[in-house]
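Throughout, protein chains are lettered first and strands after them, A, B, ... in sequence-line order, and every chain is numbered starting at 1.
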Amino acid sequence: MKGKQLFAKKIAEETIGVLTEDEVLEKIEFPKYQEQGDLAFPCFELAKVYKKNPASIATELATKTKSSYFSKVVSEGPYVNCFLNKKHVSKEVLVEIQTKKEAYGSLSVGQGEKVTIDFSSPNIAKPFSMGHLRSTVIGNAYANILEKCGYKAIRINHLGDWGTQFGKLISAYYRWGNEQVVRQDPIKELLKLYVRFHEEAEVDSRLEEEGRLWFLKLEQGDKKALELWQWFREVSLEEFKGIYKLLNVNFDSYNGEAFYNDKMEETIQLLKGEGLLSTSQGAEVVTLEEHNLPPCLIRKSDGATLYATRDLTAAIYRHKKYQFAKSVYVVGQEQSLHFQQVFLVLKKLGFNWASQLEHLPFGFILQNGKKMSTRKGKVVLLENVLREAIAMAEKSIEEKNPTLQNKSKVAHDVGIGAIIFQDLKTDPQHSVEFSLKDMLRFEGATGPYVQYTHARACSILRKSNRYNGNESLDGLSDEPSWSVVKKLMDFPTKVQESYEQANPSEIATYLLSLCREFNKYYAHCKILQEDNQLASRLALVECAAIVIKEGLSLLGMQAPSEM
RNA sequence: GUCCCAGUAGCUCAGCAGGAUAGAGCAACAGCCUUCUAAGCUGUGGGUCGCAGGUUCGAAUCCUGCCUGGGACGCCA
């Protein structure tokens, strides 16, 4: 990275009055092909100013740009190509990583400020679906990235534990439910009831009515309704916590929608006080005509509250409680309009912190090109998938490394890692077709591939019994190791990009490229070989292990040292 | 109908604050384990970057229109 800065400085010195150092820095690119060097500066812009052809400008600049940091600077067509001094730069990079260890790549932009991050948020009495998996792993990874950037992340699981759906469920339970049956396998039975409700409601419209009525009762504190709700919530949460344990995800708060019940009246009064509420078709709404958006529904015509009311209340509560610098919602893209509305209503209420709210949408998990639907009962249960992944990892270990210690722990880390990585490697915004086959794949561009690379690196370090990381090194200048060093140099930039774009997949794809380079290196160089480069090679292996482990940790994955 | 998102190799995806020869993985085929973990590495084949215009010295990348798929659009969340 310093090389880039220096290159920019040198170029700027030669183009005084035309380009500033920062402008040069912006234009510098990384050539695609190794023969073209490590850094490149295109001269098209200068050609316009100097009214000369870019190639001759490049030639001129190339001869003038010199530093002990560069091994050579040459022109190639309209580009000035810079080759860094491999030995010099690699030594500096390796020492930096060895010194900073897992703190390598950390940023301080957050300055310890708080960011609340609302993610996972499954619905009570429904199975934990693949869609919630996305929210969970993306949210958790983004929270880790925020922390890497100096923020204090507050992880909030905004449980879907309130709403009309519970009226429907209670109604269904009273119609067809049986306590014994539900106790045996709560979520599965409750889902059955929920699905049946929707099936029957299609032919009998009175059911919808009844469901709404039960929810109203629930909201008014009806004892029987509350008891059932409480029961549904408890058994569900228990099951969810099992999944979080498997995924190794923790929350600072499980305050779901119900938590805001007694706080919503205040929000409604606030809206009323500001004169924002109006009545429309019997419901109370905040109009957003000036933004060309449909109105935000605050209270239904039957007096019950809505999703938006709860989200408004939650935002206000969270700001009061945490004084966040940012508040992020990792929720599916189908809710984009909803968040747009909620954020605008808060702005209309005069909260200047409304601009610090951010919806981080993600795409659907599709089945045959269509969104999965819980209502029709067509869901793939996450827990089964996780268990299957672990079992497959176990089988793999039996085949490949039967004498491994800690087999079950490693199988867990690898199986879960495969699932998490599969999800995080694609851009969150993109919808993805559900594929069990891809999730359970351990070869190629997968989590286990990255973990395996790490384990290999660790294995070498273990075998080099004399290496302790304190040997003085003189750097490496061969091509295979240089490719790895360049990747290692990229890590801080990637951390920053993944933060700025709120995109964990930046880290995942980066790790794949680093591992690819490392594995090439591993295949082509004998590392444990007694010569005067041994310490440098081992340092390279150690640094690769550090960065891979830290990268995986940002994604919420473990990095076993053997597998 | 209005708005949002996507369309890159047979499949899954990178690349998209414009830049040199469009990259991986899977699948197919051909190789590499008496030497650091073969969950790996090497090679071969495979592309009108949805279509048509435009901006630019230069477009997969930016703009406009169209086509295709998905989603959202008042009492679900």
For [X], enumerate each residue passing the salt bridge (Lys or Arg N to Asp or Glu O under 4.0 Å) test, keeping only those at least two apart in sequence or located in another chain.
{"X": "A/Asp302", "answer": "none"}
{"X": "A/Asp438", "answer": "A/Arg441"}
{"X": "A/Lys494", "answer": "A/Glu497"}
{"X": "A/Arg212", "answer": "A/Glu209"}

Using distance only, find each side-chain donor-acceptor pair of residues 280-291 of chain A under 3.5 Å and give its atom names and separation, not counting sequence neighbours.
unit_1   : atom_1 : unit_2   : atom_2 : d
A/Glu284 : OE2    : A/Arg299 : NE     : 3.0
A/Glu290 : OE2    : A/Lys348 : NZ     : 2.7

**Study point:** Those residues that, when tested against A/Phe442, pass ring-ring contact (aromatic ring centres under 6.0 Å, His included) (two or more places apart)
**Key:** none
Check your understanding: In chain order, what residues pass the ring-ring contact (aromatic ring centres under 6.0 Å, His included) check against A/Tyr307, with sequence neighbours excluded?
Key ->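 Partners of A/Tyr307 by the ring-ring contact (aromatic ring centres under 6.0 Å, His included) criterion, ordered by chain and then number, come out as A/His338.
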Check your understanding: Any side-chain N or O of A/Lys32 under 4.0 Å from OP1/OP2 of B/A20?
Key ->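 It does, given that an N or O in the side chain of A/Lys32 lies less than 4.0 Å from OP1 or OP2 of B/A20.
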Check your understanding: Can you find an N or O donor on one side and an acceptor on the other, under 3.5 Å apart, linking the side chain of A/Ser336 with the base of B/G71?
Key -> no
Check your understanding: Would you say the side chain of A/Asn81 and the base of B/A20 hold a donor-acceptor pair, judged only by whether the two atoms sit under 3.5 Å apart?
Key ->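 Yes, the side chain and the base share a sub-3.5 Å donor-acceptor pair.
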Name the pairs: protein N/O against N/O of nucleotides 25-31 of chain B, kept only if under 3.5 Å.
unit_1 : atom_1 : unit_2   : atom_2 : d
B/G25  : O2'    : A/Ala445 : N      : 3.3
B/C26  : O2'    : A/Arg441 : NH2    : 3.2

Check your understanding: In chain order, what residues pass the side chain to side chain contact (heavy atoms under 4.5 Å, CB included) check against A/Lys263, with sequence neighbours excluded?
Key ->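 If we apply the side chain to side chain contact (heavy atoms under 4.5 Å, CB included) test to A/Lys263, skipping adjacent residues, the hits are A/Phe259, A/Tyr260, A/Thr313, A/Tyr317.
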Pairs: protein N or O with nucleotides 32-35 of chain B N or O, under 3.5 Å:
unit_1 : atom_1 : unit_2   : atom_2 : d
B/U35  : O2'    : A/Lys526 : NZ     : 3.3

Below 3.5 Å between N/O atoms, which protein atoms pair up with nucleotides 54-56 of chain B? Just atom names and distances, please.
none

Exercise for review: Name all stems that contain residues of RNA chain B, defined as runs of 3 or more consecutive Watson-Crick or G-U wobble pairs, both distances under 3.5 Å.
Suggested key: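 Listed by first number, the stems are B:1-7 with B:67-73, B:10-13 with B:23-26, B:28-32 with B:40-44, B:50-54 with B:62-66.
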